[in-house]
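Reading through the structure tokens given below for one structure.
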There are 2 protein chains.
Amino acid sequence: MASVSRVLNGLPATEEMVERVQRAVEELGYVPDARARSLKVGRTFQLTLAVADVGNPVYVTMMRAVEEVVSAAGYRLVVTTTGPDVVDEVALVRGMARGYADGLVISPLRVDDDLIKSIRECDVPVVVAGNVPASAGVDTVRANSPKGMLLAVEHLLATGRKRIAFVNGPVDTVPGTARAKGFADAMKANGLRPVAEVEAVDFTFAAGRDAGVELLSGLDIGVRGSGAEARGGRPGAEARGGRLDAVIAANDLLAVGIMHELAARELVVPDDVAVIGMDDSELAEQCFPPLTSVNLGSAERGRRAAELLLARIDDDTRAPRRIVVQPTLSVRKSTP
Amino acid sequence: MASVSRVLNGLPATEEMVERVQRAVEELGYVPDARARSLKVGRTFQLTLAVADVGNPVYVTMMRAVEEVVSAAGYRLVVTTTGPDVVDEVALVRGMARGYADGLVISPLRVDDDLIKSIRECDVPVVVAGNVPASAGVDTVRANSPKGMLLAVEHLLATGRKRIAFVNGPVDTVPGTARAKGFADAMKANGLRPVAEVEAVDFTFAAGRDAGVELLSGLDIGVRGSGAEARGGRPGAEARGGRLDAVIAANDLLAVGIMHELAARELVVPDDVAVIGMDDSELAEQCFPPLTSVNLGSAERGRRAAELLLARIDDDTRAPRRIVVQPTLSVRKSTP
DNA sequence: GTGAAAGCGCTAACAT
DNA sequence: ATGTTAGCGCTTTCAC
């Protein structure tokens, strides 16, 4: 009956009809079928957020922000995981054409032409929370990694640390490349040369530990007092060429992994080595000592991405926008 | 054209037809509409996992496990957040009748009659990853909290600690009540009385810190050497009635929050106070010192819940099953 | 303001 | 083996 639909959707109806419908709905426990509805009206009132790894706390921050904006606008948010491979990201974007949702916010770890093509051709609006070339012509909200790196390096410099190592994630990822370049530029701008650079296999805690092993054994400073102490120096990170003051990690999970390897070698953070993470996720606050971290604005990126998506859904003719969110530094005990 | 449908679904067709369809699909970039399909076949091939808080790492473990089982069975998994309120859980379960997915795994924080009713009456199969009364007559996979508490208490006892405090989450939650009872029983079984008990406002890190403040100021041992040291005792946690040896927290987030408050009072874990968490989440491994934690089998619970859901979808006439997963203890540096 | 009827895109049953 | 048709449950004309 069409009147049921009208009443349920708040269209004009007589008082009596409203009551009649409400009673019937109550009695039968009737709930309209969302699939049939969306088939007819062409909208699902669902939005999808796709992230690479639910275990990465940066996505928690982002999810919360997206959820807030999206639910305020009357949409349901569902989250899916893509994993680290670009083919799975592409499959997800292609799959959106099946009509699962009215829009997609995707934070891709790896980007290739296929992915960009799939986004451009996608039947539903897609906003990328991350960095894709301007030529791609898609809505994006990205962080300013280089600026963030500069904040990190200059903070270390300001607190008297010059011998800096960098632990990056895989450079074949979008954040990996951005941070590699950002780090190199930031160091150069300050007349510094890195003590060491290590590339972790991915952006996880376990990879951070492995990278820590590589970093610290590579520098031959694994055991406190192995050299510096004997020569009367402060026990700690002594490289062939000099001390290791500080480590910058490409995200918080890597930073925490490294901190564990430092501890395993009895190196104290921040006394022996300072550590800076990136993302300023909940983990930075939770870890011990609390981790100084570059806030790349994941909450704001989530919010802006969600807003962009809603705007795009509203009007598909707008020119693609590219929003950049500026970083700040959250200084904590790991770099006093 | 029905033949297209047949080819795409792998039903018998002539070679030529298959090719003809494939070419057309390729050219047009045709993707079948999942809404229309599910409207017709009555299945979405999507499953939903609902959790209270994406920021709680225990759910990360569970999500991974559920995802694995579910995707192996050819389903898409989507994750939604309910928040801590039972009314939102109820709304979510009720909403499932709209046909968003073929089944639901829900890990409810709070359970009331309304929720149980909504689950029983739900048009799609629901499996509860958590504890609901047997009388509810729903499929459940739950942890054995009491047994887990016993492992924790007996481990502390075996490592020479008797003066144990307990920080629980809200007792009006399912895990909160289970752990309160489990702790009380485990202590009694070992002839112990708790030094202190604190109820955090929820199962988060921030609540853990607040609970830590309450615990440590309540015991008047906030500052190292405030009493014990003066009397020649080991500096550390001195209660009115005696020392505080150890803290058991109802989950890892609370445990980590407490560890921060201990550190703020210059109490060293484990030397001054041992700490045990529950859930054995990734955070237990990541935190420092690494946290001894009761593994309540969240991965296995996720796996079993997913399997139960798939079985239930297959056959809706089976009697409800109630699976209990047994805990183990992951001993780490926080309780050597 | 309400009922009747068409149709969203797909698949399953039927007819060829 | 393929084309035709009905219908999944809803919303939205279109008459009245």
Side-chain angles (χ1 to χ4, degrees), chain A residues 1-48 74-76 94-104 121-125 313-314 316, chain B residues 1-48 74-76 94-104 121-125 313-314 316:
Chain A
M1 193 138 100
S3 296
V4 178
S5 171
R6 276 190 277 257
V7 170
L8 262 42
N9 292 350
L11 294 171
T14 177
E15 190 110 351
E16 188 222 331
M17 180 52 89
V18 172
E19 194 154 327
R20 201 146 64 96
V21 169
Q22 279 174 348
R23 200 170 36 242
V25 164
E26 191 81 12
E27 259 173 52
L28 305 179
Y30 169 80
V31 180
D33 186 305
R35 295 163 302 189
R37 178 172 212 278
S38 66
L39 181 59
K40 180 65 185 167
V41 300
R43 306 181 61 175
T44 62
F45 298 96
Q46 295 201 52
L47 263 26
T48 299
Y75 286 87
R76 244 173 78 99
R94 292 248 160 80
M96 291 307 290
R98 305 179 108 90
Y100 292 126
D102 298 339
L104 170 71
E121 294 175 352
C122 191
D123 301 36
V124 306
I313 289 171
D314 242 38
D316 198 23
Chain B
M1 190 137 105
S3 295
V4 177
S5 172
R6 276 190 277 257
V7 169
L8 263 43
N9 292 349
L11 294 171
T14 176
E15 191 107 351
E16 188 222 330
M17 181 50 94
V18 172
E19 193 153 327
R20 201 145 65 96
V21 169
Q22 278 174 349
R23 203 173 33 245
V25 165
E26 190 80 12
E27 258 172 54
L28 305 179
Y30 168 80
V31 180
D33 187 305
R35 296 163 302 192
R37 178 173 212 276
S38 67
L39 182 59
K40 178 65 187 170
V41 300
R43 306 181 61 177
T44 61
F45 297 96
Q46 294 201 55
L47 263 24
T48 299
Y75 286 86
R76 246 172 77 99
R94 291 246 161 80
M96 291 306 291
R98 294 175 178 260
Y100 292 125
D102 298 340
L104 170 70
E121 293 174 354
C122 191
D123 301 35
V124 306
I313 289 170
D314 241 39
D316 198 20

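Side-chain atoms are counted along with the backbone in the values below, which use heavy atoms only and exclude waters and symmetry mates. Numbered from 1 within each chain, the chains take letters A, B, ... in sequence-line order.
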### Message
To the nearest 0.5 Å, what is the distance between CZ on B:Arg37 and CG on B:Asn9?
### Response
5.0 Å
### Residue whose nearest DNA chain D nucleotide is more 5′ - A:Ala36 or B:Glu15
B:Glu15
### Message
Counting the atoms with a prime plus P, OP1 and OP2 as sugar-phosphate, which does A:Val31 contact under 4.0 Å by heavy atoms, base, sugar-phosphate, or nothing?
### Response
sugar-phosphate
#### Entry: From OH (B:Tyr100) to OG (B:Ser38), nearest 0.5 Å
12.5 Å
### Query
Given C:dC10, C:dG1, C:dG3, which nucleotide is nearest the side-chain atoms of A:Met17?
C:dG3
### From NZ (B:Lys40) to CG (A:Leu39), nearest 0.5 Å
12.5 Å
### Query
How long is the span from the SG atom in A:Cys122 to the CE atom in A:Met96, to the nearest 0.5 Å?
6.5 Å
### Query
What does the inter-axis angle of the helix from C:dG1-D:dC16 to C:dT16-D:dA1 come out as, five pairs per end, nearest 10 degrees?
50°
### Query
Starting at NZ of A:Lys40 and ending at C1' of C:dA6, how long is that distance when rounded to a whole Å?
7 Å
### Query
Roughly how many Å is it from CZ in B:Arg20 to P in D:dA1, rounded to a whole number?
15 Å
### Message
Looking at B:Ser3, I'd like to know whether one of its side-chain N or O atoms comes within less than 4.0 Å of OP1 or OP2 on D:dG3.
### Response
yes
### Task
Please report, rounded to the nearest Å, how far the C1' atom of C:dG9 is from the CZ atom of A:Arg98.
13 Å
### Task
Sequence neighbours left out, what passes side chain to side chain contact (heavy atoms under 4.5 Å, CB included) with B:Arg43? Give chain and number order.
B:Val41, B:Phe45, B:Tyr75, B:Asp102, B:Ile313
### Query
For A:Arg35, does its backbone N or O pair with a side-chain atom of A:Asp33 as donor and acceptor, under 3.5 Å?
yes
### Query
Can you tell me how far C1' of C:dC10 sits from CZ of B:Arg37, to the nearest Å?
9 Å
### Query
Nearest-Å distance, CG (A:Asn9) to C1' (D:dT11)?
8 Å
#### Entry: Value in whole Å for how far the C1' atom of D:dG9 lies from OH of B:Tyr100
15 Å
### Task
Using a heavy-atom cut-off of under 4.0 Å over every strand shown, decide if A:Ala2 touches base, sugar-phosphate, or nothing.
base
### Task
Write down the distance between CG (A:Leu11) and C1' (D:dT13), rounded to a whole number of angstrom.
13 Å
### Query
Say you draw a straight line from CZ of B:Arg76 to OG1 of A:Thr48; how long is it, rounded to the nearest 0.5 Å?
6.0 Å
### Query
To the nearest angstrom, how far is B:Arg35 atom CZ from D:dC10 atom C1'?
13 Å
### Task
State whether the distance check finds a donor on one side and an acceptor on the other, under 3.5 Å, for side chain B:Arg6 versus base D:dG3.
yes
